[in-house]
Amino acid sequence: MKSAAILGLLAGLGLQACGGSGGGSAQIVVAPVTPAPSPGPPTQLVTERVFSMLSFDQPLALVQAPDSDAVWYVVERAGRIWMFENRPDVGSASLFADLSVQIESGPGEAGLLGLAFHPEYATNREVFVSYTRNNLGLESVVARMVSIDSGMMLDPSTETLLLTVPQDFTNHNGGQIQFGPDGFLYVGFGDGGSGNDPNDRAQDTTNLLGTIARLDVSAADGYTIPPDNTFAGNPRCSDGFGAMSCPEIFAYGLRNPWRFSFDRADGTLWAGDVGQDRFEEINRLIAGGNYGWRVREASACNIPSTGCETDGFLDPVASYDRNAGVSVTGGYAYRGTQVDLLVDTYVFGDFGSGRIFGIPIDASTGTQPTELLETQFNISSFGEGTDGELYVIDYATGTLHQLTEAPE
């Protein structure tokens, strides 16, 4: 892929190479210096290219359907979803869905951004997608579709819109979508874009920008609000905005939670939140949690005029500065069996620097990440197999790689 396309995604994620403003002037204030991630152990972790006969165009997600390790699915930003057999010598992929007609993928972060299979996909064939479209301006969409041919292809004509959220600008669209162990659908939205959240969306709970939403999608015609959501009982914000705090909100105060995941062992919700100009952060998300943006970037003051109060804000578990990277890509708590050195480690990476980091799953607030591996990849996403093994997507070359131990 050409370097211009890579810079386009960096800009769209709010991660320009010299800082993540994505527009607007940066606020330069005195803040604690986050140490660079510590060097890891002698090189033991490596990446191995897998499915080497395949490559994709600007891939953003790699997933498997629940309870099936037979097939992988790859999401391309322009709107295509490919499926292929899970075997090393697979020679081709087939088109699972082409949604490019309805998707706006022109701006750097826009496009088909996320894919989630219903926990009962084997019987109901329901698939959920997160994408952007042009509707008198850029708009984020969460939709349900159904495969009507036993899982061979997804039928766009079956689309049911669940949420539409108008975007203030063209960047910071989030995009992750995943079912939690509770059976509810979690959806990430960025703060609306530009730099420093000029409309203060992430601290305003009457909109869904800068939040993780939590939806009950068991109804055939839309969604309902889980009764234990923090603002349950308020009118739904199905167009992204409301007169009261949106009952869809699970957590808020986020800048651009590009990728999040659940620990399959204990259900912990981990998220990488892309920073502005100085810090990238990793959070454990809890119900009703406020993670401080735009008042704070990580645990540092960002907008001095707000007073940068700390009451009510949750600090990140880990953060790193521009010496280590410019754009965090959230990963997974490792629950596989092939890489002993990753046991009980949350693994994540950086799109700009290509570094892969880890922190203990029981890490306390302020933990310093350990650098596990340096790659040449633009890490757009990690993938987790049904067996718990972890994979890395290189956006630049469109290739797929598995994390493994170096042979002795």
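Positions are given from 1 along the sequence.
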Step by step, work out the salt bridge (Lys or Arg N to Asp or Glu O under 4.0 Å) result for Arg77 and Asp57. CA-CA 8 Å; Arg77 191 169 74 90; Asp57 183 18; over 6 Å; no
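- No side-chain N or O of Tyr252 forms a donor-acceptor pair with one of Gln203 less than 3.5 Å apart.
- Residues satisfying the side chain to side chain contact (heavy atoms under 4.5 Å, CB included) test with Gln102, not counting sequence neighbours, are Leu99, Tyr131, Met145, Pro156, Glu159.
- Not one N or O on the side chain of Asn378 forms a donor-acceptor pair closer than 3.5 Å with the backbone of Asp394.
- Using a distance-only test at 3.5 Å, with no hydrogens or angles considered, a donor-acceptor pair links the side chain of Ser353 to the main chain of Ala324.
- With a 4.5 Å cut-off on side-chain heavy atoms, Leu54 and Phe84 count as touching.
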Tell me, with the steps shown, if Val165 and Asp239 meet side chain to side chain contact (heavy atoms under 4.5 Å, CB included). CA-CA 5 Å; Val165 182; Asp239 63 350; over 6 Å; no
Could you pull out all donor-acceptor pairs under 3.5 Å where a side-chain atom in residues 87-95 meets a protein atom, sequence neighbours excluded?
{"residue": "Arg87", "atom": "NE", "partner": "Glu85", "partner atom": "OE1", "Å": "3.4"}
{"residue": "Arg87", "atom": "NH1", "partner": "Asp89", "partner atom": "OD1", "Å": "2.7"}

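- With Glu297 contributing its side chain and Gly275 its backbone, the two residues share no donor-acceptor pair below 3.5 Å.
- Residues that satisfy the side chain to side chain contact (heavy atoms under 4.5 Å, CB included) test with Arg264, not counting sequence neighbours, are Arg335, Glu384.
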Quick one: do Arg259 and Ser381 satisfy side chain to side chain donor-acceptor pair (under 3.5 Å)? Show the steps, please. CA-CA 7 Å; Arg259 288 294 180 247; Ser381 280; 2.7 Å; yes
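- Side-chain N or O atoms of Asn86 include one that pairs as donor or acceptor with a backbone N or O of Asp69 at under 3.5 Å.
- Results of the side-chain hydrogen bond (donor to acceptor under 3.5 Å, both in side chains) test with Trp293 over Asp200, Asp191, Asn302 single out Asp191 as the only residue that passes.
- Side-chain N or O atoms of Glu281 include one that pairs as donor or acceptor with a backbone N or O of Ala298 at under 3.5 Å.
- Close placement of the Tyr186 and Phe250 rings is indicated, their centers lying within 6.0 Å of each other.
- The cationic atom of Arg125 (NZ for Lys, CZ for Arg) lies less than 6.0 Å from the six-membered ring centre of Tyr121 and within 45° of the ring axis.
- In this structure, Thr306 contributes its side chain and Cys308 its backbone to a donor-acceptor pair below 3.5 Å.
- With salt bridges taken as basic N to acidic carboxylate O contacts below 4.0 Å, none links Glu104 and Arg133.
- Between the side chain of Arg144 and the main chain of Val217, a donor-acceptor pair closer than 3.5 Å is present.
- For the pair Arg201 and Phe189, the NZ or CZ position fails the cation-pi test of under 6.0 Å to the six-membered ring centre and within 45 degrees of the ring normal.
- Shown here for Ser245 and Thr206, the closest heavy-atom pair between the two residues is N-CG2, 4.1 Å.
- Between the side chain of Asp149 and the backbone N or O of Met153, at least one donor-acceptor pair lies under 3.5 Å.
- With sequence neighbours left out, the ring pair (Phe, Tyr, Trp, His ring centres under 6.0 Å) criterion links Phe179 to His118, Phe128.
- The minimum heavy-atom distance between Ala78 and Ile103, with the atom names listed, is O-CG2, 4.3 Å.
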Residues Val328, Asp273; criterion side chain to side chain contact (heavy atoms under 4.5 Å, CB included); working and verdict: CA-CA 7 Å; Val328 67; Asp273 195 18; 5.6 Å; no
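- Phe348 and Tyr346 have parallel rings, their planes meeting at less than 30° on a 0 to 90° scale where 60° marks the start of perpendicular.
- Taking Thr132 as the reference, nothing meets the side chain to side chain donor-acceptor pair (under 3.5 Å) condition, with sequence neighbours excluded.
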Please evaluate residues Trp72 and Tyr391 with respect to the criterion ring pair (Phe, Tyr, Trp, His ring centres under 6.0 Å), reporting the C-alpha separation (whole Å), side-chain torsions for both, the decisive distance (0.1 Å), and the verdict. CA-CA 11 Å; Trp72 282 102; Tyr391 299 79; 5.0 Å; yes
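- Between Phe117 and Tyr73, the gap from one ring centroid to the other is short of 6.0 Å.
- Considering all non-hydrogen atoms of both residues, Thr158 and Val146 come closest at OG1-N, 2.8 Å.
- Listed for the Tyr334 side chain is a donor-acceptor partner under 3.5 Å among the backbone atoms of Thr337.
- With sequence neighbours excluded, the residues that form a salt bridge (Lys or Arg N to Asp or Glu O under 4.0 Å) with Arg214 are Asp182, Asp228.
- Between the side chains of Glu76 and Trp82, at least one donor N or O lies within less than 3.5 Å of an accepting N or O.
- Residues Ala202 and Asp197 come closest through the heavy atom pair N-OD2, 2.9 Å.
- When all heavy atoms of Leu215 and Glu248 are compared, the closest pair comes out as CD2-CG, 3.6 Å.
- The backbone N or O of Tyr223 sits less than 3.5 Å from a side-chain atom of Arg236, completing a donor-acceptor pair.
- Salt-bridge check for Arg322 with Glu280: passed, with a basic side-chain N closer than 4.0 Å to an acidic carboxylate O.
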